[in-house]
2 protein chains.
Amino acid sequence: MSFNEAFKAIADPTRRKILSLLRNGELTAGEIASHFDMQKPSVSHHLKILKQADLVQDRREGQHIYYSLNTTVFQDLLRWFYDFVERGEKHVEE
Amino acid sequence: MSFNEAFKAIADPTRRKILSLLRNGELTAGEIASHFDMQKPSVSHHLKILKQADLVQDRREGQHIYYSLNTTVFQDLLRWFYDFVERGEKHVEE
DNA sequence: TCCGTATTTAGATAATTTCCTAAATGTCTA
DNA sequence: TAGACATTTAGGAAATTATCTAAATACGGA
């Protein structure tokens, strides 16, 4: 179920850029928003979708909320693609 | 450019199921459609999106059109995920 | 050429998604 | 507690997407 949410989350270029930004370490919502020509509520919405898909985690520190990658779901997705490239046998869909 | 199209194509569960079906070898449009509770034009539409994203190829043989996987784009996508899991250094976004 | 089968294209509708502005919430400091 | 800052929630408009039915195209065989 969360598999589908993750694929949908990654389908959006803004959200993929957010994920890429987070590869260098955690960032606050405001820092993330500063990289986009978009209002903060819109970025916040994208962050919510990434969080629901378990692709990122958040933690509050004072007024700031820090976002960071949760790589465990990436591993599941990685395997999905791997099964296509490695023309192996048994493949289970979601 | 096609990178974004591929992610969008894969975001849909019907299309992911089509891709999974094709892992066992090429199938005609009709054979693919028979696996879904959906009219054939709808499946045809999904196939078109997969083709535009270069995830599948098609070839006509008489009245039938055979679809098969094109794994080269899968390799690009695989690398994208790999770069997240392997907490490496330089990462280039699209 | 006419018919049947396979598939796609066209056009419409309903659902979903993205983005905006305005308002609310949470936290710190004075 | 009041004010400022960081962030999210709410509500709505515009764009995109998924699906349907009907019609068109492509091919093979009589």
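Numbers restart at 1 for each chain; the letters A, B, ... are given by sequence-line order, proteins then strands. Predicted model only: the values in this text are computed from it and were never measured.
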Please tabulate the protein-to-nucleotide N/O contacts below 3.5 Å involving nucleotides 3-6 of chain C, giving atom names and distances.
| from | atom 1 | to | atom 2 | distance (Å) |
| --- | --- | --- | --- | --- |
| C:dG4 | N2 | B:Gln63 | NE2 | 3.4 |
| C:dT5 | O2 | B:Gln63 | NE2 | 2.8 |

Problem - B:Trp80 and A:Phe81 aromatic centres sub-6.0 Å - result: no
Practice task
Round to the nearest Å and state the distance from A:Gln52 atom CD to D:dT8 atom P.
Solution key: 12 Å
Completion exercise
Here the distance between atom P of D:dA6 and atom CG of A:Asp58, to the nearest Å, is 18 Å
Practice task
Provide the closest heavy-atom pair for A:Ala6 versus A:Leu55 in the form atom of the first, atom of the second, distance.
Solution key: O-CD1, 4.1 Å
Exercise for the section: Using side-chain contact (heavy atoms from CB on, under 4.5 Å) as the criterion, point out the one residue from A:Leu50, A:Ile18, A:Leu47 that pairs with A:Tyr67. Expected result: A:Leu47
Problem - Pi-cation contact, B:Phe36 with B:Lys17 (under 6.0 Å, within 45°) - result: yes
Exercise for the section: Please report the closest heavy-atom contact between A:Leu69 and A:Gln57, naming both atoms and the distance. Expected result: O-OE1, 3.6 Å
Protein-nucleic acid N or O pairs under 3.5 Å, nucleotides 16-19 of chain D:
| from | atom 1 | to | atom 2 | distance (Å) |
| --- | --- | --- | --- | --- |
| D:dA18 | OP1 | B:Asp12 | OD1 | 3.3 |
| D:dA18 | OP1 | B:Arg15 | NH2 | 3.2 |
| D:dA18 | OP2 | B:Arg15 | NH1 | 3.4 |
| D:dT19 | OP2 | B:His46 | NE2 | 2.4 |

Practice task
Give B:Tyr67 one of three labels, base, sugar-phosphate or nothing, depending on what nucleic acid heavy atoms sit under 4.0 Å from its own.
Solution key: sugar-phosphate
Practice task
Quickly work out the A:Arg59 CZ to D:dT8 P distance and round it to whole Å.
Solution key: 14 Å
Problem - Atom of A:Glu31, atom of A:Ser34 and distance for their closest heavy-atom approach - result: O-OG, 2.6 Å
Completion exercise
Separation of C:dC20 atom C1' from A:Phe36 atom CZ, nearest Å, is 17 Å
Exercise for the section: Mark yes or no: B:Arg60 above the aromatic ring of B:Tyr66, with NZ or CZ under 6.0 Å from the six-membered ring centre and no more than 45 degrees from the axis. Expected result: no
Problem - Contact summary for B:Lys8 and A:Ala11, nearest pair of heavy atoms - result: CG-O, 3.8 Å
